[in-house]
Amino acid sequence: MFNKIKNNWHAIALVVGILFIAANLRVPFTAIAPVLPLIQSDFSLNSSSVGLLTSLPLLAFAVFSPLSASFARRFGIERTLFLALIIISLGILLRSTGSVGALYLGTVLIGTGIAFGNVLLPGLIKRDFSANIASMTGAYSITMGAAGALGSVIITPLAQIWDWPIALDLLIAAPLFALILWIPQLKKHNPVVMASHKQSASVNVWKSPLAWQVTLFMGLNAMPFYVAVGFLPTILIDNGISAAQAGSVHGTLQLATAIPGLILAATLRRLKDQKLAAVTVSLLVALSLIGFIYLPDLAMLWAACLGFGSGASMMLGLTFVGLRTTNGDDASALSGMAQCVGYLMAAAGPLLLGQLHDWTGGWTVPLLITAAISIAGACSGMIAGRNAYLEPTNS
């Protein structure tokens, strides 16, 4: 009886720890967006430089995501996640120390820590909750969305009371609390199921047209989402919406990204193919971006639609990795390619939008270009959504 209670307690502690780590995979990155106008003003940054703040974490995702498995194999997944939380904490503190260099370096550290968490948390769930992967994945997806939404809502009022550096520093509470909750897990040294360095994939994904179609679908749909994550509050404020309301709209965007995981996961695998689903969610994103231009009074609606469409497209892209491959090694190879290239494409989105804003002096052209990118994502989804598999090669 005592052992059963003890095991249940350990399971509860692990679940709580996972959810608090999940909260840190979104909020330290996205909560900066509502106060970007203040940062831009204090440091006299142009829109391209502001876009770089959104792009740097994505570049860190692309660089460090492939390295996460190596760290987990060498040091253990629990210790690596603990290290990731420490890196995020250091990045939060460094970001607000008062110099442009520290602002960018702190942002890179935050992206690095999140990259480790993004890769290792699903692996941990697969190892310890193999019978409840869907429910655990849904729980941590909702936690990420809710935490990101809460951060966007509260950061502006905090900045109005204490100014933006202190407001951003207060986000340190999230990783510190997660660190405390994760300490009991450090005594574990069980191996986590991760892809091996020595891939035995039957497909050279870099030469596979279908692999590139999946990759383009992920990248083309990630670009509009991270454009919105970085610039939506600034766009809304420039259109006359208050900073507090812009933060709430930004929070709605993030919360809506979690909804597709609740209603689409079980449906997708039952479909003959996913072409219609891929096209629909991409076009929903494009419609939302156009809506921000021509019907800005419905900003909350457009944010909800954009979040739902972006969350669904990201989930579809990850689902394609499993649906378009016939074995685990091929899936690992495709996942590595799609996420690396996808994050690099996503990083280009905020940089492109910022540069277009600097050139045109407004947001209409940048948003129309971003909508066109979403339409291109729909076209790639029409192809990537076919009921097909990567074909084996000898190269």
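The figures here come from the full heavy-atom set of this structure, side chains too, leaving out hydrogens, waters and symmetry mates.
If you run side-chain contact (heavy atoms from CB on, under 4.5 Å) between L356 and each of L351, I369, T370, only I369 comes through.
Contact check for L368 versus I293: side-chain heavy atoms found under the 4.5 Å cut-off. Contact of the F116 side chain with the T80 side chain is registered, since non-hydrogen atoms from C-beta on lie closer than 4.5 Å. A 4.5 Å side-chain heavy-atom check between R95 and L171 finds at least one atom pair inside the cut-off. Taking 4.5 Å as the limit, some side-chain heavy atom of F82 sits within range of a side-chain heavy atom of I183. Counting heavy atoms from C-beta outward, F29 and I88 have side chains that stay 4.5 Å or more apart. Side-chain contact check for H250 versus T30: some heavy-atom pair is nearer than 4.5 Å. No side-chain heavy atom of W182 sits less than 4.5 Å from a side-chain heavy atom of F20. L121 is listed as a side-chain neighbour of L25, based on a closest heavy-atom distance under 4.5 Å.
The nearest pair of heavy atoms linking Q254 to S152 is NE2-OG, 2.5 Å. Here the shortest heavy-atom pairing between A286 and I375 reads CB-CG1, 3.9 Å. Across all non-hydrogen atoms, the minimal contact from P224 to L289 is CB-CD1, 4.2 Å. In this structure, G381 and F217 approach most closely via the heavy-atom pair CA-CD1, 3.4 Å. Between V285 and S374 the shortest heavy-atom distance is CG1-OG, 3.2 Å. For the pair S89 and P175, the tightest heavy-atom approach, listed with the atom from each and the gap, is OG-CB, 3.2 Å.
For W164 (side chain) and A159 (main-chain N/O), no donor-acceptor pair under 3.5 Å exists by modelled atom type. Proximity of a side-chain donor or acceptor of S380 to a complementary backbone N or O of G377 within less than 3.5 Å is detected. A side-chain donor-acceptor contact under 3.5 Å links S313 to the backbone of S310. The closest donor-acceptor contact from the side chain of T97 to the backbone of L93 lies at 3.5 Å or more, if one exists at all. For the pair T257 (side chain) and G311 (backbone), a donor-acceptor distance under 3.5 Å is absent.
Close placement of the F231 and W363 rings is indicated, their centers lying within 6.0 Å of each other.
A side-chain donor-acceptor contact under 3.5 Å links Q213 and R386.
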Distance-only criterion, 3.5 Å: show the donor-acceptor pairs between side-chain atoms of residues 43-60 and protein atoms not counting sequence neighbours.
| residue | atom | partner | partner atom | Å |
| --- | --- | --- | --- | --- |
| N46 | OD1 | S48 | N | 3.2 |
| N46 | OD1 | S49 | N | 2.8 |
| N46 | OD1 | S49 | OG | 2.9 |
| S47 | OG | H357 | ND1 | 2.7 |
| S47 | OG | D358 | OD1 | 3.3 |
| S48 | OG | Q355 | OE1 | 3.1 |
| S48 | OG | D358 | OD2 | 2.8 |
| S55 | OG | G51 | O | 3.2 |
| S55 | OG | A347 | O | 2.4 |

